[in-house]
Structure formats: structure tokens, C-alpha cells
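Below, all heavy atoms of this structure are taken into account, side chains as well, without hydrogens, waters or symmetry copies. These numbers come from a predicted model, not from an experiment. As the structure lists them, so they are numbered: ligands from 1, and atoms in each ligand from 1.
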Amino acid sequence: MLVQKYHCYISVMHKLLNGQNMIPLFTKLQEENYDNLAGNARDHSVSKGIVILCKDDQSSVKRYKCAPFTLFPSPITKDGFQLLTFLQPHINKLIHDVSQDDEFMSSVFQSVIKVDDFTKKLYNIYKASKTSVKQLQLGIFRSDYMFDCVIEKNRTETYNPKQIEVNTIAASFIGLGSRINSVHCKVLQDAKMKPLTTQMPKNEALTKVAHGLVAAWETYGNSDAIVVFLVEENEANIFDQRALEYAIYEINESIIVKRKTFTELLKNIALSSDRKITVNDEEVAVVYFRTGYTPNDYTNEQFWDVRLKLEKSCAILCPSVGYQLAGCKKMQEVLAQPNVLEKFIDDEDVVQKMRSTFAGLYALDMNSDGDNAVQMARTNPDHYVLKPQREGGGNNVYGEDIVTLLSEIGNDERRCAYILMEKICPKPLDNIFVTASGHQKVNAISEFGTYGVILARGTEIIENYSAGHLLRSKSHEHNDGGVAAGVAVLDSPLLV
Ligand code: ADP
Ligand code: MG
Ligand code: MG
């Protein structure tokens, strides 16, 4: 009964407020038994293929479970949603343009590559593979944001989207994330809150991103060539990738996708004199990376040779090493410096809107600005996040650990491997997290991402669009970690 009362309350308030700022209403969820709703939602999610592989399973038979998700969609502001969707194609183009600008790239990475071996290896490939040929490149990006909650003088709250980072390699959950929407719509219906479903934006990430891969394959122009998904050996999130593979097939049945690991490529790859890549004698049109973004992915030094070979070829890489570098935290920090966006974007309105989403970002270079940033971090560590040039979650440094790390490094160039970022504070809201084995109430914060697709050859832009979104939520007690790390869960936005 209580749960129904709560839901009626939400829908009545919703009507009263005419959809205006409902976020405060979500701050307290009634203590109640959500067994039925959660059980039905779990069945629904499995039937939609929102599943992951059980990695801890020793049995030789593959076992699956539903990916974790929130029972209710989480509110984000409609204005924020519209702004970020609008900005995504401009972010795509910005990433493309900076990656084409050798001089700029060199100035951005010069301090980092002295002290960060991983970034140096990527940068060396970038330098070594520059050819006079205008290379086709495909970007499947995801720009992530949190809505910073600010209490204004009149005590009202505003929620300002602030960019956490731009992922330019292996941005995941295109498949599973776009399907959770329908599960949430059904939950709202079951919970007698159906009117709220009109506030849930459609999420076409899967078909839009698949369209980008199809467009790349078609532009390559050999109907016998295959698409390679470069994947990890034991991937738990395999169905997210498979969903994209099948979505490609639904658009164009002649496209053959093959999943390959670095080890398989190492054994079977060949680069011809006319720059064609073959794997087991099959020509490759597109290589889509779902690995290769952390040092751990290069368990064999020769994987770097594979990477260089791919980069020297005419296959369309998603991403090119240039795109990957342009998504580094260091690049994000440089792009936030005064007058840098203006170098790449002519439209002042776009510059101003994009800049409004930037949090405070500080370099730790060996100069007085860097010294000041170190001092700021040591004085108020809880106001900042210290970030190395790494991807995949779990790498950032928070709170007192920042002070310890900076003390250990001292006045040494090694600090240039990091950037300092202002900590964003979204408003925690109650929700129910549903997992394969149960459900529990969690006071959660959300991270919203917009996907973008770009296909380009030099200055020629063939495709460039915003491609759906992803919402993930995690307990406000966790600083870091994604869905794959078991910290965050899939969610969908409810626009308020
Ligand atoms: P990664 O490439 O490893 O995903 P992120 O920059 O996205 O690196 O950081 C990982 C996580 O850390 C984010 O998902 C977010 O939860 C948290 N985080 C990162 N930057 C901030 C920030 N400025 N304020 C608050 N939380 C942050
Ligand atoms: Mg990332
Ligand atoms: Mg991230």
C-alpha cells in the first residue's frame, strides 16, 4: 500500500508541477517491499537481452545473468539533456580536428609523454603512422557528465551538467544501455505511474551507432571486406558488443563481423604494400576497438606492433590512435584553458555552451601554475579529483590519497602524468538497485553520457551526429567505478 501511495504522490505532484523541477521529490523513497516490481523488471531485462556473462563461473557451460539496473528511471533536467545532445556533434568535430593538428597534439602531450609510458607508446604510433594519404577514421564517442547541484541564494537548487570526460575508445553500453528504457517504462506502468513515461526520451544509441559502423564499411568500398571487433579474451560484457554486431547485420546483411583478440591478430595479420590489412587472408574494412585502452590490454609487447600495423593501413580504425589520444584527460584539461576552444570552433554560441559544461581543470606542469594547483589540492583535497591518463574506471585519486600521492611525488616531473579536476557534486537520490540476486535501496548519484558518431577523411566530414545516451547510477558512497566494475548500474533518464 505504501508503495502505491508514494507513486500516487509522485504522479499527483507531477501534474501539479506540470513537469517542472521534480528532482526534490525523488530524494526520499518510501521504505517498502519492492519484490514484485523488481522481480518483474528482472524478467523483463533478461528477455530484452540486458545480460552479462557470469565471470566467476568455473563451469564450462556459459552462464548469464541480468546486468544490474535501477528499478526507477532517474530524473535529469530537460534543459541539460537538450544542451548535451546539441553539443555532441560539436564535440565529435572538436576531437576530430584536434587529432588532425600535429603541432597542437605535440604541445599537449610533450610533458605527459616524458613520464607516462602508455601515453608515450600511443603518441609514438601517432607520429610514426602519419602519412600523406588522407585516412578515413571512425569515432564512436561518449561524453559523460554529472549534474552538479548548486544551492542558490534564494535556497533553490540548480543542476548544472559538468563534463566528467570524453571517451573516444571502447565507449561501452551502447547495446544494453539503450534497451533499459523499455524496462523502466514497464516498471512505471506496473507502479501506476504511466504518465511519467512520456518524460522518458527515446534512446536510439544502438541503431545510430550501428549505422556509423555500416557507413564506415560502405565508404571503405569493398563488399568482400569484413569488420573486426577487437575484443578481450574473457569479456563479461559480451552481449553489449554482440548487440551492436546484430544491429549491423539488421541494417546490412552483407556485412560480416568477426570478433578477434590481439593474440589472434598478432598471429594472422598481414599488411600489403598497398596498405590493405588482411586477417586470415580476409581483407578488413573496419576495426572496432573494445580493448586496447589500458596498459593491461598489452600483455604482449608485440601487441603494440599490431597497433602500429593497423595504424599504417588503410583500414578504418574506430578509433584511430589520434582519436584515442584526443580523448585523454590531458587533452580535456588543455581544451578547458582560455582561448583554446576558439582555435577550433568558430561559432561563439557553441563555444560558450560547451565551456559552460567544463568543470575546473588544472595542469600539474612544472611551472608556477602547476605549483599553485598542487597547493590547492593539498589544502582542499576533498574538492578535487586527481586523474592519471587512464581509462576504464578505478584509476582516479580522491581525498587524503591525493595529499599522500602528491607528497610522494614531490617536486618531480612525474606529477605531469596527472591532471587535477574540480569535484562535481550531484544530488544523491533514492532508488532501488536490482541485481541478478536481489534488490536494495541505494542513495545514488547518476552520470549521464551522450554518444556521438563521426566518420571523416581529413577535412571531409562524412557523418557527424549525436547518437543516443546512457545513464548510469551508483551509490553516492563510491567515488569511482563503472557498471563493469560492479559499482554502477544501468539507469535511464526521466526528463524534468
Ligand atoms: P574513466 O576514464 O576511468 O572512466 P573518469 O574520468 O570517468 O575516468 O572517472 C571515473 C569515475 O570517477 C567517473 O565515472 C565518476 O564517477 C568519478 N569522477 C570522475 N571525475 C569526477 C569529478 N570531477 N567529480 C566527481 N566524480 C568524478
Ligand atoms: Mg573514460
Ligand atoms: Mg569515465
Within the structure, is a non-hydrogen atom of [X] found at a distance of less than 4.0 Å from ligand 1?
{"X": "G393", "value": "yes"}
{"X": "R472", "value": "no"}
{"X": "V385", "value": "yes"}
{"X": "M146", "value": "yes"}
{"X": "Y398", "value": "yes"}

Q.
What I'd like to find out is whether the side chain of E233 reaches to under 4.5 Å of the side chain of T261, using heavy atoms alone.
A. yes

Output the list of atoms in ligand 1 that are nearer than 4.0 Å to some heavy atom of [X], sorted by atom number.
{"X": "R390", "answer": "2 (O)"}
{"X": "K329", "answer": "1 (P), 2 (O), 6 (O), 8 (O)"}
{"X": "E391", "answer": "2 (O), 3 (O)"}
{"X": "I424", "answer": "22 (C), 23 (N), 24 (N), 25 (C)"}
{"X": "G392", "answer": "1 (P), 2 (O), 3 (O)"}

Q: Return yes when at least one N/O/S atom of D144 is nearer than 2.8 Å to the Mg ion (ligand 2), and no when none is.
A: no

(Q) Counting backbone and side-chain atoms alike, is an N, O or S atom of Y293 positioned under 2.8 Å from the Mg ion (ligand 2)? (A) no

**Q.** Pi-cation contact, F69 with R42 (under 6.0 Å, within 45°)
**A.** no

Q: Would you kindly check if the NZ (Lys) or CZ (Arg) of K423 is within the cone defined by 45 degrees around the ring axis of Y398 and under 6.0 Å from the six-membered ring centre?
A: no

Please work out, at 4.0 Å between heavy atoms, whether the side chain, the backbone, both, or neither of [X] comes within that distance of ligand 1.
{"X": "N396", "result": "side chain"}
{"X": "M421", "result": "side chain"}
{"X": "E165", "result": "side chain"}
{"X": "K474", "result": "side chain"}

Q: Take R457 and Q137 through the side chain to side chain donor-acceptor pair (under 3.5 Å) test and state the conclusion after the steps.
A: CA-CA 6 Å; R457 186 196 281 114; Q137 302 175 80; over 6 Å; no

Heavy-atom count around [X] [atom1] within 6.0 Å, excluding the residue itself: above 12?
{"X": "K78", "atom1": "NZ", "result": "no"}
{"X": "E103", "atom1": "CD", "result": "no"}
{"X": "D349", "atom1": "CG", "result": "yes"}

Q: Say whether, by atom type as modelled, one donor and one acceptor occur between the side chain of T70 and the main chain of P73 under 3.5 angstrom.
A: no

Q. Does any donor atom in the side chain of H184 or S492 lie under 3.5 Å from an acceptor atom in the other side chain?
A. yes

(Q) To 10 degrees, how wide is the angle OE1 (E391) to the Mg ion (ligand 2) to OE1 (E165)? (A) 100°

Q. With a 6.0 Å cut-off on ring centres, are F229 and F289 close enough?
A. no

Q: Report the residue from R414, K330, K114, R415 that forms a salt bridge (charged side-chain N to carboxylate O under 4.0 Å, His left out) with D365.
A: K330

